[in-house]
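Worksheet: the structure to be examined is printed underneath.
Sequence positions, counted from 1, serve as the residue numbers for this chain. When a ligand or atom number is given, it counts from 1 through the structure's own listing order. When reading the values below, keep in mind they use all heavy atoms of this one structure, side chains included, and skip hydrogens, waters and symmetry mates. Since this is a predicted model, take the numbers as computed values, not measurements.
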Amino acid sequence: MNRLSFDDKNILITGAAGFIGANLVMRILKENEHCHIIGLDSLNDYYDVKIKEYRIKEIEKAAEGSGSDWTFVKGNIADAGLVKQLFAKYEFSIVVNLAAQAGVRYSITNPDVYMESNIIGFYNLLEACRHSYDEGKSGVEHLVYASSSSVYGSNSNIPYRVEDPVEHPVSLYAATKKSNELLAHAYSKLYSIPSTGLRFFTVYGPAGRPDMAYFGFTDKLRKGEKIKIFNYGKCERDFTYVDDVTLGVYKVMQGAPERKNGEDGLPIPPYSLYNIGNSAPVGLKDFINILGEELKEAGVLPKDFDMEAHEELVPMQAGDVAVTYADTSALERDFGYKPATPLREGLRRFAEWYGKFYL
Ligand SMILES: NC(=O)c1ccc[n+]([C@@H]2O[C@H](COP(=O)([O-])OP(=O)(O)OC[C@H]3O[C@@H](n4cnc5c(N)ncnc54)[C@H](O)[C@@H]3O)[C@@H](O)[C@H]2O)c1
């Protein structure tokens with residue numbers, strides 16, 4: 001692995017106003033005194049833009065206390081001209097692509113935006129990385145991009161391993177993420193772009209995504225509505241606290257796959273792919289119980305709120321898998337990375353943030 005320093009480097013983070021992106025920018029600003037971060041985000045209204053604006057304000061505060069600097073560009077990665085212009089201006093050393101259209105259900109009603117952001121947008125970045133080496137320039141030293149646990153579809157081998165076959169996506173979103181991995185592999189092979197894909201498992205935390213279950217449950221409970229708990233709560237999932245995830249991404253950014261030749265003398269693609277998750281599945285019912293307790297503690301729900309009266313236990317949805325979690329041994333082996341935040345602590349921080357933001 002090729003160890004990279006951030007000193008005096010220009011780093012592009014796409015999706016910088018997003019949940020993971022904003023937290024990653026803040027981590028880099030906190031831990032580095034001499035780098036330049038350029039954040040690109042279209043600030044689309046897939047969910048409440050106020051949360052994205054709030055995150056940008058938090059980044060600005062973090063930038064004030066850092067020797068590194070931060071520049072925000074509002075724009076779309078599907079705009080090839082803009083991407084080219086930014087690469088020409090900043091000559092990025094490290095590129096992290098977190099901009100994407102997420103969500104499984106939304107892809108049924110809005111397929112266009114998945115093709116635009118996740119396919120065309122990613123392709124524009126790959127092309128820009130490719131041409132960053134033109135005229136003998138050192139160019140991009142590492143491209144890190146977000147994939148997703150959704151590529152595992154309805155695989156039943158648990159825990160999910162990167163080596164498992166994932167040729168059967170069950171949503172357009174998953175198909176675009178798997179396509180990203182394939183495109184990155186081809187570009188790594190053809191142009192020796194060191195690239196690392198990260199398959200994220202459910203990430204949660206303060207100022208998270210309102211389209212995700214724990215956030216949606218909170219909105220409903222606060223309104224006194226019932227929440228639906230599938231498979232009677234007997235599902236188990238991998239939940240990863242956002243700071244743990246950004247620590248993992250930050251470590252990965254600093255370790256690029258090496259450019260090497262194989263025995264045949266031809267370049268081996270400098271390409272890596274990892275799961276990034278907790279590798280510790282939690283029962284959905286336990287998750288909801290802890291969430292309810294922490295929402296009461298933070299004053300989001302009244303102390304005497306009857307959780308059980310607001311829970312509707314329903315059968316499993318077609319295509320759902322009862323237990324899913326990540327095998328993260330490779331990330332632990334290569335980067336010494338292991339998530340450490342206990343679920344209760346992570347949910348407490350979410351509940352406290354939610355109380356401050358909405359009440
Ligand atoms: N949060 C999770 O649990 C999770 C799980 C699996 C994969 N992921 C992936 O991780 C990445 C980050 O996820 P997140 O949770 O921070 O999502 P997010 O929606 O909060 O962040 C994505 C950001 O990208 C921006 N964006 C979208 N399309 C864009 C485009 N075409 N050009 C420029 N900006 C654009 C959005 O405005 C948003 O701010 C995504 O690729 C997502 O698919 C996240």
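Each of Leu291, Val300, Val242 was scored for a side-chain contact (heavy atoms from CB on, under 4.5 Å) with Phe350, with one residue passing: Leu291.
The nearest heavy-atom contact from the protein to atom 31 (N) of ligand 1 is Asn76 OD1, 2.7 Å. Scanning the protein for heavy atoms near atom 21 (O) of ligand 1, the closest one is Gly18 CA, 3.3 Å. The nearest heavy-atom contact from the protein to atom 5 (C) of ligand 1 is Phe200 CB, 3.7 Å. With hydrogens left out, the protein atom closest to atom 1 (N) of ligand 1 is Arg209 NH1, 3.3 Å, a heavy atom.
The existence of a salt bridge linking Arg161 and Glu163 is confirmed by a sub-4.0 Å separation between a basic side-chain nitrogen and an acidic carboxylate oxygen. Note on Glu58 versus Lys61: salt bridge recorded, some NZ/NE/NH1/NH2 to OD/OE distance being below 4.0 Å.
Taking the six-membered ring for Trp and the full ring otherwise, the centers of Tyr160 and Tyr325 sit at least 6.0 Å from each other. Checked against the 6.0 Å centroid criterion, the rings of Phe239 and Tyr214 do not qualify as a close aromatic pair. Close placement of the Tyr354 and Phe215 rings is indicated, their centers lying within 6.0 Å of each other.
Heavy-atom distances between Leu43 and ligand 1 reach below 4.0 Å in at least one pair. Not a single heavy atom of Gly121 sits under 4.0 Å from any atom of ligand 1.
Short contacts between ligand 1 and Asn44, defined as distances under 4.0 Å to a heavy atom of the residue, involve ligand atoms 26 (N), 27 (C), 28 (N), 36 (C), 37 (O). The ligand atoms of ligand 1 that sit less than 4.0 angstrom from a heavy atom of Ile77 are 30 (C), 31 (N), 32 (N), 33 (C). Residue Tyr47 approaches ligand 1 through these ligand atoms, each under 4.0 Å from one of its heavy atoms: 18 (P), 19 (O), 20 (O). Here is the list of ligand 1 atoms found below 4.0 Å of a heavy atom in Ser147: 7 (C). Of all atoms in ligand 1, numbered sequentially from 1 with element shown, those under 4.0 Å from a heavy atom of Ser117 are 28 (N), 29 (C), 30 (C), 31 (N). Atom numbering of ligand 1 starts at 1 in the shown order; those under 4.0 Å from a heavy atom of Ala146 are 9 (C), 10 (O), 11 (C), 41 (O). Heavy-atom contacts of Gly75 reach the following atoms of ligand 1: 32 (N), 33 (C) (cutoff under 4.0 Å). Which parts of ligand 1 touch Thr202 is read off a 4.0 Å heavy-atom cut-off, strictly below it: atoms 3 (O).
Only the side chain of Lys52 comes within 4.0 Å of ligand 1, counting heavy atoms alone; its backbone N, CA, C and O stay farther away. Residue contacts with ligand 1 for Lys177 involve side-chain atoms from C-beta outward but no N, CA, C or O (heavy atoms, distance under 4.0 Å).
Judged by distance alone, the side chains of Thr202 and Arg237 never bring a donor and an acceptor atom under 3.5 Å apart. Using modelled atom types and a 3.5 Å distance limit, the side chains of Tyr250 and Asn32 yield a donor-acceptor pair.
The shortest N or O to N or O distance between Tyr46 and ligand 1 is not below 3.5 Å. Not a single N or O atom of Met212, backbone or side chain, sits closer than 3.5 Å to an N or O atom of ligand 1.
By the 4.5 Å heavy-atom criterion applied to side chains, Asn10 and Leu12 are not counted as neighbours. Between Tyr241 and Asn278, the closest side-chain pair of non-hydrogen atoms is not below 4.5 Å.
Closest to atom 35 (C) of ligand 1 by heavy atom, among Gly21, Ser42, Ser148, is Ser42. The heavy atom nearest to atom 42 (C) of ligand 1, out of those in Tyr173, Phe122, Tyr114, is found in Tyr173. Comparing heavy-atom distances from atom 36 (C) of ligand 1 across Val151, Val113, Leu40, Asp41 singles out Asp41 as nearest. The heavy atom nearest to atom 12 (C) of ligand 1, out of those in Asp211, Leu24, Leu98, Asn124, is found in Leu98.
Taking CD of Glu236 as the start and OG1 of Thr324 as the end, the distance is 9.5 Å to the nearest 0.5 Å.
The ring pair (Phe, Tyr, Trp, His ring centres under 6.0 Å) analysis of residues 12-47, with sequence neighbours excluded, yields the pairs Tyr46-Tyr106.
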